[in-house]
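Convention: sequence-line order gives letters A, B, ...; per-chain numbering from 1. FYI, side chains are in, hydrogens and waters are out, and symmetry mates aren't considered; it's all heavy atoms of this structure.
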Number of protein chains: 2
Amino acid sequence: MTDANAFDLNTFLPYRLNAVAGRISRAFAERYREEFGISIPEWRVLVHLHQGGDVSVRDIEARVDMEKSKVSRAASRLEAAGYITKAVNDSDRRLLLLRLTPQGEALVARLLPVAIAYQEEMKAKLGPLVEGLEAGIAVLLDDGK
Amino acid sequence: MTDANAFDLNTFLPYRLNAVAGRISRAFAERYREEFGISIPEWRVLVHLHQGGDVSVRDIEARVDMEKSKVSRAASRLEAAGYITKAVNDSDRRLLLLRLTPQGEALVARLLPVAIAYQEEMKAKLGPLVEGLEAGIAVLLDDGK
DNA sequence: AAATATTTATTGCACATGCAACAAAGTCAA
DNA sequence: TTGACTTTGTTGCATGTGCAATAAATATTT
């Protein structure tokens, strides 16, 4: 009956998951802000454009775990900064056609190595535990379904 | 040389970690908002008060991974709602003495089973993978140090 | 003791966010 | 074709957030 009294936030899985993710994200965001002046939403859009070619806001919303308004605003900032262009998709004029400019491509080329290095740091810290962590994440993200 | 081109956000560990944590947190927050009308910062303060007895803002900041302004505002909302009281600590009048009211205690008594059930759902979904996930999280949180 | 430095909690400010409302474009049905 | 419905992207609004500045209390130094 003291079960409830014994509850400890520091062993509570949702809390711990949130705490790690927050720290990793903050560190990552800080590095990106300092070195490149961009935010995480902006970085996600850039990377998605880089891998996917021409893409609409809707595509990014679906694949990158962001609300459409967040995507829209990130895209506007990137356009203002000269990293992407927005054009109308002529086959469906509701859709935007987001595209990297040469400066955008150049930026991504500089961003990616930093991201990969950051991931490597994480993996190095984890050592053989990476696999377990990734397996757990995969289940929670329902990757299979 | 196509390494950089092959970069895929969906296999990027920091991104995946952030995505899971976000989904878990959103679901958790929604449940708490609907059932009890409180936010995650508020829930953290409540739980910490429940486990720790009388506590200051600073204590919570240190142990619960929240900025002091966030703690302060959560505490003010909880006070307005009648779940906690703020008093001055007489041995050091800079410190607040946060304490659960009877209503606060009653609320926590209702909150905790829901939290524990939620965690159990997660663990059930994970099955034997829980251990790997928890081990990975522990390393990234530097629990040892 | 007096002056200076530090600690604690709150608040003002700028900014990001989610949600709902909206306009424009497209689809579908009759 | 017309009218109702859906989809897409943007924006207004209310709210939450981090950071810096602040006031009050305490600690430290001389």
Whole angstrom is fine here: how far is it from CE in B:Met66 over to C1' in D:dT17? 11 Å

Quick check, are the ring centers of A:Phe12 and B:Phe28 under 6.0 angstrom apart? yes

Using the rule that two of Ile, Leu, Val, Met, Phe, Trp, Tyr join whenever any of their side-chain heavy atoms come within less than 4.5 Å, decide whether A:Leu95 and A:Ile60 are in one cluster. no

Nearest listed nucleotide, side chain of B:Arg73, among D:dG9, D:dT10, D:dT17: D:dT17

Distances for protein N or O near nucleotides 20-27 of chain C N or O, under 3.5 Å:
from: C:dG26; atom 1: OP1; to: A:Arg93; atom 2: N; distance (Å): 2.9

Would you kindly give the CD1-to-C1' distance between B:Ile40 and D:dT15, to the nearest whole Å? 15 Å

B:Lys70 NZ to C:dA9 C1': how many Å, rounded? 17 Å

Let me know the distance between CG of A:Asp59 and P of D:dT8, rounded to the nearest Å. 9 Å

Kindly say if A:Lys86 contacts the phosphate of D:dG9, meaning a side-chain N or O under 4.0 Å from OP1 or OP2. no

Closest of C:dT11, D:dT17, C:dT17 to the A:Pro41 side chain is C:dT17

Verify the neighbour count for atom CD of A:Glu131: are there more than 12 heavy atoms of other residues, nucleotides or ligands below 6.0 Å? no

By nearest-nucleotide position on DNA chain C, the 5'-leaning member of A:Glu67 and B:Glu61 is B:Glu61

Gap between atoms CD1 and C1', on A:Ile38 and C:dA16 respectively (whole Å): 16 Å

B:Ser72 side-chain N/O to C:dT10 phosphate OP1/OP2 under 4.0 Å: yes

From CD of A:Glu42 over to P of C:dC15, roughly how many Å is that when rounded to an integer? 13 Å

Given B:Gln103, B:Gln51, B:His50, the one that forms side-chain contact (heavy atoms from CB on, under 4.5 Å) with B:Val108: B:His50

CZ of B:Arg73 to NZ of B:Lys68, rounded to nearest 0.5 Å, is 12.0 Å

With the side chain defined as heavy atoms from C-beta on, B:Ser56 is closest, among D:dT8, C:dA9, D:dT17, to C:dA9

Same apolar cluster (I L V M F W Y, side chains within < 4.5 Å links), A:Val88/A:Val55: no

Between A:Arg26 and A:Leu95, name the one whose nearest nucleotide on DNA chain D is closer to the 5' end. A:Leu95

Does a sphere of radius 6.0 Å around CD in A:Glu121 hold more than 12 heavy atoms from other residues, nucleotides or ligands, not counting ones at 6.0 Å or beyond? yes

Length of the line joining B:Leu96:CG and D:dA25:P, which is rounded to integer Å: 12 Å

